[in-house]
Amino acid sequence: SAVISQKPSRDICQRGTSLTIQCQVDSQVTMMFWYRQQPGQSLTLIATANQGSEATYESGFVIDKFPISRPNLTFSTLTVSNMSPEDSSIYLCSVWLAGVIDTQYFGPGTRLTVL
Amino acid sequence: RKEVEQDPGPFNVPEGATVAFNCTYSNSASQSFFWYRQDCRKEPKLLMSVYSSGNEDGRFTAQLNRASQYISLLIRDSKLSDSATYLCVVNLGNTGKLIFGQGTTLQVKP
């Protein structure tokens, strides 16, 4: 297993500002992902964070709004840019781990409220 | 049509009851299947993987029917601590991307 941490755990921001969320893993992982979970909804994949290259975004998500960095195999950041109240969500990073069960494991999430 | 569909519930059951959740998926090329559990204000956590042969982990039994594209989760002897949202999850292939159902909420009452 791996220990996955996120910073900040929560934040309250003003509209028009940007917030950068950090995701740190205690071991090297090939695949990292960023999700959004809006209130009362399930998880929606924002993008796959690729080490050394641009992230791969899902339909409906664009780099200008959600720039992602992945400088190495243990760290990634997601920025939520020019925020509006509709961006109020939980943002989660996850990593793919191969082991007894090959699947994704999640960080604790960042709860964002935009006023 | 959603790629992974679940009945959102809520399922309200008494302690000790047996409860079953179902899920259907639309992509026949899906390769692996999971149930995750999500407690309120927490991240999803892997509960168990799902195989065609069925697999059991204590009070939990998961089953996959590839022909019908149907996944189930059975919880026996429900505990108060089983109260959570159960997410049906499908992996499409070697991209590592997971598709999540909307989740089924279970509330176990004393």
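Below, chain A is the first sequence line, B the second, and so on; all start at residue 1.
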*Distance-only, no hydrogens or angles: does the A:Ser42 side chain make a donor-acceptor pair with backbone N or O of B:Gly101 under 3.5 Å?*
yes
*Can a donor-acceptor pair be found between the side chains of A:Gln24 and A:Gln6 at a distance below 3.5 Å?*
no
_B:Lys45 portion near chain A, given a 4.5 angstrom heavy-atom threshold_ = neither
*asked:* We want to know whether B:Gln6 and B:Thr104 form a side-chain donor-acceptor pair, criterion being a heavy-atom distance below 3.5 angstrom.
replied: yes
*Among residues 103-115 of chain A, which ones touch chain B with a heavy-atom distance under 4.5 Å?*
A:Thr103, A:Gln104, A:Tyr105, A:Phe106, A:Gly107, A:Pro108, A:Arg111
_Proximity breakdown for A:Ile90 and chain B, heavy-atom pairs closer than 4.5 Å_ = neither
*List the atom of B:Asp77, the atom of B:Arg59, and the distance in Å for their closest heavy-atom pair.*
O-NH1, 3.2 Å
_Heavy-atom pairs under 4.5 Å with chain A - which of B:Gly103, B:Pro44, B:Pro8 has more of them than the others?_
B:Pro44
*Counting only heavy atoms closer than 4.5 Å, note whether B:Leu46 contacts chain A via side chain, backbone, both or neither.*
side chain
*Out of A:Thr48, A:Asp102, A:Leu92, A:Leu43, which one racks up the most heavy-atom pairs below 4.5 Å with chain B?*
A:Leu43
*Compute the ring centroids of B:Phe11 and B:Phe21, then answer whether they are less than 6.0 Å apart.*
yes
_Sort by residue number and list every residue of residues 66-84 of chain A having at least one heavy atom under 4.5 Å from chain B._
none
*B:Tyr25-B:Tyr70 aromatic ring centre distance below 6.0 Å*: no
_Nearest 0.5 Å, please: how far is OG in A:Ser94 from CE in A:Met32?_
8.0 Å
*Rounded to the nearest 0.5 Å, what's the gap from CG on B:Leu87 to CZ on B:Phe34? Could you check?*
13.0 Å
_Charged N-O contact under 4.0 Å between B:Asp39 and B:Arg41_ = no
_I need the B:Leu73 CG to B:Ile75 CD1 distance, nearest 0.5 Å._
5.0 Å
*asked:* Between A:Arg15 and A:Asp87 (salt bridge meaning N to carboxylate O under 4.0 Å), is one present in this structure?
replied: no
_Pair A:Arg36 + A:Glu58, salt bridge at N-O below 4.0 Å_ = no
